[in-house]
Q: 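Structure in structure tokens, see below.
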Amino acid sequence: MSKGLPKRSEDYSLWYNELVKRADLAENSPVRGCMVIKPYGYSIWEKMQAELDRMFKETGHSNAYFPLFIPKSFLSKEASHVEGFAKECAVVTHYRLKNAEDGSGVIVDPEAKLEEELIVRPTSETVIWSTYKNWIQSYRDLPLLVNQWANVVRWEMRTRLFLRTTEFLWQEGHTAHATSDEAMAETVQMMNIYAQFSEEFMALPVVKGKKTESERFAGADETLCIEALMQDGKALQAGTSHFLGQNFAKAFEVKFATKEGGLEYVWGTSWGVSTRLMGALIMAHSDDNGLVLPPKLAPFQVVIVPIYRGEEELAMISVKVKEIMAELRKAGISVKYDDRDTQKPGWKFAEYELKGVPVRIALGPRDLENKTLEIARRDTLTKESFQWEEMPIAQKIGGLLDEIQEGIYQKAFDFRKDNTTEVNSWEEFKQVLEEKAGFLSAHWDGTPETEEKIKELTKATIRCIPLDQLPEQGVCVYSGKPSSGRVLFAKAY
RNA sequence: CGGGGUGUAGCGUAGCCCGGUAUCGCGCCACAUUUGGGAUGUGGAGGUCGUAGGUUCGAAUCCUGCCACCCCGACCA
């Protein structure tokens with residue numbers, strides 16, 4: 001284990017990459033653009049999954065599973081959908097290998113060419129809607145509320161651990177409804193769930209908004225999103241919820257008999273969050289000492305490190321530690337006891353700081369004598385001495401965990417607030433973007449042309465039109481044409 | 001995919017310009033002393049120098065192709 005992480009201020013990208021690897025979250029694999037998610041990283045993802053899954057089920061959704069492969073012809077049924085994804089699809093053309101005659105290894109058997117190529121799903125709308133055609137006949141079959149946890153593949157040009165990998169893990173919800181209003185309500189509901197998850201569990205404040213036409217999902221009539229701000233001033237799209245209108249229903253002929261006896265196309269939504277959330281979590285809170293994890297998603301919330309000389313002392317300390325662990329676990333607090341004698345305490349302290357464990361307890365002979373514990377918190381890197389009699393340990397730690405969860409949220413919230421700037425002129429726009437970055441709240445004339453021009457000139461894109469946008473008469477920061485409200489610009493991941 | 005950079009032990013590196021089979025640190029193994037913020041000493045193991053060719057008596061070093069990774073761009077969850 002090498003010491004010292006690169007500094008965020010010196011090289012943010014390098015810091016991020018090194019952090020991901022050194023904190024044992026993930027590493028690159030032999031396959032280009034694909035990562036190996038390591039046990040510690042995966043257990044954070046599992047925590048995210050568990051909470052999201054619970055929230056989906058509480059809102060009436062059920063999980064199902066659809067195939068990895070999609071017939072090529074399916075993809076082209078929805079015109080804008082194929083246009084959006086065609087450039088990044090992995091294609092299966094053969095189903096068999098054979099030994100090369102010259103003994104050089106295995107080769108693709110040219111005899112085993114598929115009649116119709118299969119696409120490795122970049123997203124599952126097409127295969128799911130082709131299935132929904134058989135599931136939906138009547139208004140009694142609606143709404144259909146399905147989610148799937150899956151892997152998808154998008155052949156991206158440039159990849160980054162968690163933020164953009166060729167294969168990634170996600171969930172994709174796909175729902176079908178009898179009315180436009182109901183589908184739109186579902187779209188909004190899921191965006192709200194994502195926002196709630198992000199703020200409550202990831203301790204990451206997000207802006208809820210809708211995408212401009214050009215940033216919309218391929219095949220959607222409306223895309224809602226949550227946008228978060230990272231420590232380097234770049235925005236990250238953390239989740240999207242799409243109102244699909246009747247686009248996929250029309251493409252796959254999914255109609256239902258109405259109560260009144262008519263025959264209508266159903267209305268659809270789809271929504272997803274991915275392992276990219278891991279990237280957001282890492283970049284939002286961590287510091288130059290390593291990861292900082294919100295207690296609600298940490299694989300374990302508390303680590304106990306014994307300080308001892310010899311077996312005898314360790315045995316005495318362990319008795320007290322077991323007692324503490326039982327109390328903490330009873331209170332629903334996850335705790336790890338690291339009594340390995342292969343590493344020294346100082347080494348362990350540094351290790352758990354790197355891994356972002358929210359609370360560390362150290363217990364040595366001095367503590368046994370004085371009836372104290374040393375409690376250190378990861379977010380502030382402060383330590384305190386705690387008297388056993390002061391209050392029940394579970395109450396103490398429970399309170400501290402809440403405080404940390406709240407503290408890192410507040411810190412991220414303040415950061416975003418300090419890095420959201422209202423700009424009113426083109427000069428100001430360019431200057432703030434250059435010198436400060438972050439979110440820029442500015443008037444926009446509503447045209448794709450202006451949006452495109454601004455992107456071309458500054459690399460900044462419209463992250464979203466915030467849902468809480470206030471009506472305000474102004475002029476577009478670039479074109480000078482009238483505008484009725486501010487939108488959020490930023491450079492994005 | 002365009003521009004730039006880097007590939008030498010598990011990790012980080014020296015050597016490359018000026019060819020003669022590899023340096024140092026961390027980590028790893030053994031033993032001893034250690035254990036309240038990344039311990040110390042002694043001994044030891046570990047390398048087809050990214051890969052495939054070429055030049056040469058001889059290639060980590062020179063030449064060509066390929067691959068991977070990183071950074072910047074275009075694209076994207």
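Proteins get letters first, then strands, A, B, ... in listed order; numbering begins at 1 in each.
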Q: What interatomic distance, in whole Å, is found between P of C57(B) and the corresponding atom of G43(B)?
A: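 My reading of the P atoms in G43(B) and C57(B) gives 43 Å.
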Q: Could you verify whether a donor N or O on one side chain and an acceptor N or O on the other, from Glu451(A) and Thr212(A), lie under 3.5 Å apart?
A: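 Their side chains do contain a donor-acceptor pair, which is all the 3.5 Å distance test asks for.
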Q: Indicate, with a heavy-atom threshold strictly under 4.0 Å, whether Gly364(A) touches base, sugar-phosphate, or nothing.
A: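 The residue Gly364(A) makes base contact.
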Q: Do the ring planes of Phe252(A) and Phe74(A) sit parallel (below 30°), tilted (30 to 60°) or perpendicular (above 60°)?
A: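 Geometry flag for Phe74(A) against Phe252(A): perpendicular rings.
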Q: Roughly how many Å is it from CD1 in Ile317(A) to P in G36(B), rounded to a whole number?
A: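 Rounded to the whole Å, the gap is 12 Å.
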Q: Please state whether the rings of Tyr12(A) and Trp15(A) are parallel, tilted or perpendicular, taking 30° and 60° as the class boundaries.
A: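 Judged by the thresholds at 30° and 60°, the geometry between Tyr12(A) and Trp15(A) is tilted.
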Q: So, Asn419(A) and Lys436(A): side-chain donor and acceptor under 3.5 Å apart, yes or no?
A: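 There is no such pair (donor and acceptor under 3.5 Å, judged by atom type) between the side chains of Asn419(A) and Lys436(A).
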Q: Could you run down the sub-3.5 Å N/O contacts of the protein with nucleotides 29-35 of chain B?
A:
| from | atom 1 | to | atom 2 | distance (Å) |
| --- | --- | --- | --- | --- |
| U35(B) | OP1 | Arg309(A) | NH1 | 2.9 |
| U35(B) | OP1 | Arg309(A) | NH2 | 3.0 |
| U35(B) | OP2 | Arg309(A) | NH1 | 2.3 |
| U35(B) | O2' | Tyr308(A) | O | 3.1 |

Q: Is there a donor-acceptor contact under 3.5 Å from the side chain of Thr165(A) to the main chain of Leu161(A)?
A: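 No; zero donor-acceptor contacts below 3.5 Å.
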Q: What interatomic distance, in whole Å, is found between C1' of G7(B) and the corresponding atom of C66(B)?
A: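 Each nucleotide's C1' atom is 14 Å from the other's.
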Q: Could you check whether Arg121(A) makes a cation-pi contact with Phe69(A), meaning its NZ or CZ is under 6.0 Å from the centre of the six-membered ring and within 45° of the ring axis?
A: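 No - Arg121(A) does not lie over the ring of Phe69(A) by the 6.0 Å and 45° rule.
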Q: Just checking, is any N or O donor in the side chain of Tyr337(A) or Ser318(A) under 3.5 Å from an acceptor N or O on the other one?
A: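 Yes, because at least one side-chain N or O of Tyr337(A) sits under 3.5 Å from a partner of the opposite role on Ser318(A).
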Q: How are the rings of Phe300(A) and Tyr40(A) set relative to one another: parallel (under 30°), tilted (30 to 60°) or perpendicular (over 60°)?
A: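 Phe300(A) vs Tyr40(A) ring planes: perpendicular.
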Q: Might you work through the side chain to side chain contact (heavy atoms under 4.5 Å, CB included) test for Arg360(A) and Glu353(A), ending with a clear yes or no?
A: CA-CA 9 Å; Arg360(A) 183 186 73 231; Glu353(A) 252 157 42; 3.5 Å; yes
Q: Between Glu186(A) and His61(A), do the side chains contain a donor N or O and an acceptor N or O under 3.5 Å apart?
A: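 On atom types as modelled, these side chains qualify, holding a pair under 3.5 Å.
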Q: Mark yes or no: Lys320(A) above the aromatic ring of Trp388(A), with NZ or CZ under 6.0 Å from the six-membered ring centre and no more than 45 degrees from the axis.
A: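 Yes, Lys320(A) sits over the ring of Trp388(A).
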Q: With rounding to the closest Å, how many angstrom separate the C1' atoms on G15(B) and C62(B)?
A: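 After rounding to an integer number of Å, I get 16 Å for this pair.
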Q: Go through RNA chain B and write down every stem, that is, every run of at least three consecutive Watson-Crick or G-U wobble pairs with distances under 3.5 Å, as range with range.
A: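 Looking at RNA chain B, the stems formed by three or more consecutive pairs are B:1-7 with B:67-73, B:10-12 with B:24-26, B:28-33 with B:39-44, B:50-54 with B:62-66.
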Q: When the P atoms of U23(B) and C49(B) are compared, how many Å lie between them, rounded to an integer?
A: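 Rounded to whole Å, the distance is 14 Å.
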Q: Could you give the CZ-to-C1' distance, from Arg22(A) to C26(B), as a whole number of Å?
A: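 Between C1' of C26(B) and CZ of Arg22(A): 11 Å.
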Q: Using the C1' atom as the reference point in each nucleotide, state the distance between C16(B) and A59(B) in Å, no decimals.
A: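 Straight-line distance between the two C1' atoms is 11 Å.
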Q: Send over the distance from Leu5(A) CG to G38(B) P, rounded to a whole Å.
A: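 It is 18 Å, rounded to the nearest whole Å.
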Q: How is Arg340(A) classified with respect to the nucleic acid when contacts are heavy atoms under 4.0 Å: base, sugar-phosphate, or nothing?
A: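 Contact class for Arg340(A): none.
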Q: Under a 3.5 Å threshold, yes or no: a donor from one side chain and an acceptor from the other, between Glu83(A) and His81(A)?
A: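 No donor-acceptor contact under 3.5 Å links the two side chains.
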Q: Please pick, from G38(B), G37(B), G36(B), the nucleotide with the shortest atom-to-atom distance to any side-chain atom of Glu351(A).
A: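 For Glu351(A), the side-chain atoms sit closest to G38(B).
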Q: What about Lys348(A): does its side chain form a donor-acceptor pair under 3.5 Å with the base of G36(B)?
A: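 Not at all, since no donor on one side and acceptor on the other fall under 3.5 Å apart.
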Q: Where does U56(B) land, syn or anti, once you apply the within-90°-of-0 test for syn?
A: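 That one's anti.
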Q: Return the value, rounded to whole Å, for the distance between atom CG of Leu368(A) and atom P of G36(B).
A: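 The answer, rounded to whole Å, is 16 Å.
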Q: Closest nucleotide of RNA chain B for Pro365(A) versus for Cys34(A): which of these residues is on the 5' side?
A: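 Looking at RNA chain B, the more 5' nearest nucleotide goes with Pro365(A).
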Q: Write down the distance separating the P atoms in U64(B) and G10(B), rounded off to the nearest Å.
A: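 Those two atoms are separated by 29 Å.
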Q: When we call it a touch if two heavy atoms are under 4.0 Å apart, what does Gly33(A) touch: a base, just sugar-phosphate, or nothing?
A: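 Here Gly33(A) touches the backbone only, sparing every base.
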Q: Measuring only the C1' atom in each nucleotide, how far is C69(B) from C11(B)? A whole number of Å is fine.
A: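 Roughly 15 Å separates the two C1' atoms.
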Q: What does nucleotides 70-77 of chain B look like as a protein-contact string, B for base, S for sugar-phosphate only, - for none, at under 4.0 angstrom between heavy atoms?
A: SSBBBBBB
Q: Between U56(B) and A14(B), how far apart are the C1' atoms? Round to whole Å, please.
A: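 So the two C1' atoms sit 26 Å from each other.
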Q: Would you say that Tyr42(A) contacts Lys47(A) through its side chain, given a criterion of any heavy-atom pair below 4.5 Å between the two side chains?
A: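 No, their side chains stay 4.5 Å or more apart.
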